[in-house]
S.K.: 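Structure in structure tokens, see below.
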Amino acid sequence: MENSRASLMFKAAAVAAIGLTAIFVMLVHDPSDTLFGGGYPELWRRTGLVGAPTRAAACIFAGVFLLAMGWLYRLLFAPLELLRGVDEVGYIAEDGRSRAQAANEVRRRRKTGELPPVYPNGWYRVLDSHMLERGDVKSVTVLGQQVAVFRGQDGKAYVVDAYCPHLGANLAVGGRVVGGCIECPFHGWQFRGVDGKCVKIPYADKVPEFAKVRCWPSRELNGLVLVWFHCDGLEPSWRVPEQSEITRGEWVYRGRTEHFINAHIEEIPENAADIAHLAHLHTPGIVSGVDLRYTNSKTWEFIRHDWKVEWKAEPEPNEHCSQMLVKHALTVFGRHWPLLDLDVKARQVGPGVVFLLFEHSFLGRGVIMHCVTPVEPLLQCVSHTIFYQKSIPPLVPKFILRAECIQFERDVMIWNNKTYISKPMLVKEDSAIQKHRRWFSQFYSENSPQLRYQHDTMDF
């Protein structure tokens, strides 16, 4: 809300500036008339171009000024939003190939390994709350299924199966919100968001009791719309906790990133327990970029990140949670800069939600909501949404989110090209990886969906 008000104020100021400039341009007289005495050449006067140079210069100046103001506003106040495509990060395009061609080739040829079930039981993000206005309907693919996410006129978010049980129209494509219901664009059947029950068929005298669409268990908190998935249809056995600072408005939305990862979902949270990879993959400074062929370049070796990490599972009654405690230090030309030391507590809740909590004496406090949602068996949508202290200038959390994005994209290059090894060759210093796999296995059950191959096709 605060960002939208600021955006409206900026737009109003821009319109006013354009209006004033237009008036100025229409009324101004070329100063050369008085400064140089001779006035305009006779040809200009005959063709009606009197005052044109000044007006043109004023237009150019106004345009450049508005562009500069827009850039400055986005830098200082607008949320940072970096949305990467499926083939945009993590692939090397060589020999004249496009990135899309390189990505398709890797996906086609990569050995996938012996995989765990592809959809663990748990809570998953479908959308950020600010992306769903009152009366909006969004089409989302989650866990291999199409769903319609809509916000009723009562302000509540609902998630239902996308396809109308009548004749299969997609409720999210042309469907509209009526009160707390979603109306099918094909025949006007209306389904209640709270339970999926059909409450109206425009041309029928009576609505059959069996007429309903599947309604997904959902919650909205921490700026996210979440859905519950269990392969056996069981009700939620645990909840995602509320971050009270977000609810009270003390921490506000400062931006998000979104990536698509071509890997099994377990690969991503397993990084928390893979302590050794931090020293190798994430030690080079963020200025060295994300392409792993160049991150260890001698050009940028003067800046280094140092990490101390501990991973542990939480005991009952929070056995569905785990923690990664991170201490970060920065060295520049071998000199430690204590001001940039940062402590991060990463608390994973189930298979798909992580709270990355930041606390710094100078830079303030905030959280990045790191969410992993399976789109298909080997395609994960990963989002990072940052909420930060309202009193801290937006530039600070935006820089933190950008730095996190750079480090994350280095992992993306690994995940997009690796294979899953069910029985890895580990040394004793890798013991946390096996502990993490045992902890994560609680989210699978006997009927959890498996990825099966039949010749050259996937059946899932």
Side-chain angles (χ1 to χ4, degrees), residues 1-12 14-15 70 73-74 77-83 123-142 146-162 164 169-185 188-196 199-200 213 215-228 240 242-243 245-258 353 367 369 371 373 375 381 383-388 390 394 397-398 401:
M1 188 67 71
E2 179 184 344
N3 290 319
S4 62
R5 279 199 298 267
S7 179
L8 287 173
M9 289 175 62
F10 174 76
K11 289 176 182 176
V15 170
Y73 166 77
R74 288 192 296 273
F77 303 110
L80 174 67
E81 298 198 341
L82 297 171
L83 311 179
W123 289 97
Y124 296 100
R125 166 196 172 271
V126 288
L127 283 176
D128 286 5
S129 294
H130 74 272
M131 298 165 63
L132 193 68
E133 299 289 340
R134 195 183 298 261
D136 278 357
V137 184
K138 302 287 186 181
S139 176
V140 181
T141 304
V142 55
Q146 291 289 118
V147 297
V149 187
F150 69 97
R151 191 178 297 282
Q153 300 301 337
D154 55 3
K156 295 182 179 178
Y158 302 103
V159 183
V160 298
D161 275 355
C164 178
N170 192 322
L171 300 174
V173 181
R176 69 185 184 102
V177 175
V178 181
C181 301
I182 185 168
E183 182 182 86
C184 177
W189 289 32
Q190 292 180 8
F191 299 92
R192 217 161 38 203
V194 68
D195 57 8
V199 296
K200 181 181 178 181
V213 68
C215 182
W216 290 61
S218 63
R219 291 189 73 196
E220 185 171 13
L221 77 168
N222 304 330
L224 306 171
V225 179
L226 304 169
V227 294
W228 169 262
V240 174
E242 178 184 66
Q243 191 70 42
E245 293 89 347
I246 298 176
T247 306
R248 295 196 300 263
E250 297 170 9
W251 294 356
V252 295
Y253 172 74
R254 294 303 189 197
R256 72 184 180 99
T257 65
E258 185 176 271
V353 179
V367 64
M369 298 300 303
C371 300
T373 302
V375 179
C381 176
S383 67
H384 294 87
T385 306
I386 190 166
F387 296 88
Y388 220 78
K390 190 188 298 186
K398 288 168 67 174
L401 182 62

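Note: hydrogens, waters and symmetry copies are ignored here, and every other heavy atom, side chains too, is used. If you're wondering where the values come from, they're calculated on a predicted model, not measured in any experiment. Counting begins at 1 with the first residue of the sequence.
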S.K.: Just checking, any donor-acceptor pair under 3.5 angstrom between side chains of Glu242 and Thr247?
M.R.: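 Glu242 vs Thr247: donor-acceptor pair found between side chains.
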S.K.: For Gly196, does its backbone N or O pair with a side-chain atom of Arg192 as donor and acceptor, under 3.5 Å?
M.R.: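 Not a single qualifying donor-acceptor pair exists.
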S.K.: Name the residue from Val252, Val367, Asn222 that meets the side-chain contact (heavy atoms from CB on, under 4.5 Å) definition with Phe387.
M.R.: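 It is Val367; the other options fail the test.
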S.K.: Dump the intermediate steps for side chain to side chain contact (heavy atoms under 4.5 Å, CB included) on Leu226 and Val240, then the final yes or no.
M.R.: CA-CA 9 Å; Leu226 304 169; Val240 174; 3.9 Å; yes
S.K.: How close do Cys181 and Val199 get, heavy atom to heavy atom, and via which atoms?
M.R.: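 Distance-wise, the nearest heavy atoms are SG-CG2, 3.8 Å.
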S.K.: Please name all residues satisfying side-chain hydrogen bond (donor to acceptor under 3.5 Å, both in side chains) with Arg219, sequence neighbours left out, ordered by chain then number.
M.R.: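 With sequence neighbours excluded, Arg219 shows a side-chain hydrogen bond (donor to acceptor under 3.5 Å, both in side chains) to no residue whatsoever.
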S.K.: Would you say Arg134's side chain and Gln153's backbone share a donor-acceptor pair under 3.5 angstrom?
M.R.: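 At least one qualifying donor-acceptor pair exists.
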S.K.: Does Lys398 reach the main-chain N or O of Ala78 with its side chain, forming a donor-acceptor pair under 3.5 Å?
M.R.: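 Checking the backbone N and O of Ala78 against the side chain of Lys398, a donor-acceptor pair under 3.5 Å is found.
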S.K.: Hey, does the side chain of Asp154 reach the backbone of Gly180 with a donor-acceptor pair shorter than 3.5 angstrom?
M.R.: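 Side chain of Asp154 to backbone of Gly180: no pair is present.
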S.K.: May I ask you to test the Pro79-Arg256 pair for a side-chain heavy-atom distance under 4.5 Å?
M.R.: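 No; the side chains remain at least 4.5 Å from each other.
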S.K.: Is there a side-chain contact between Ile182 and Arg176, using heavy atoms and a 4.5 Å cut-off?
M.R.: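 They are not in contact (no side-chain heavy atoms under 4.5 Å apart), so the answer is no.
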S.K.: Do NZ/NE/NH1/NH2 and the carboxylate oxygens of Arg125 and Asp128 come within less than 4.0 Å?
M.R.: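 Yes, Arg125 and Asp128 are salt-bridged.
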S.K.: Going through the distances and angles, do Thr141 and Gln146 end up as a side-chain hydrogen bond (donor to acceptor under 3.5 Å, both in side chains)?
M.R.: CA-CA 5 Å; Thr141 304; Gln146 291 289 118; 2.3 Å; yes
S.K.: Within the distance-only criterion (no hydrogens, no angle test), does the side chain of Arg151 pair as donor or acceptor with the backbone N or O of Gly135 below 3.5 angstrom?
M.R.: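 Pair absent, no side-chain N/O of Arg151 close to backbone of Gly135.
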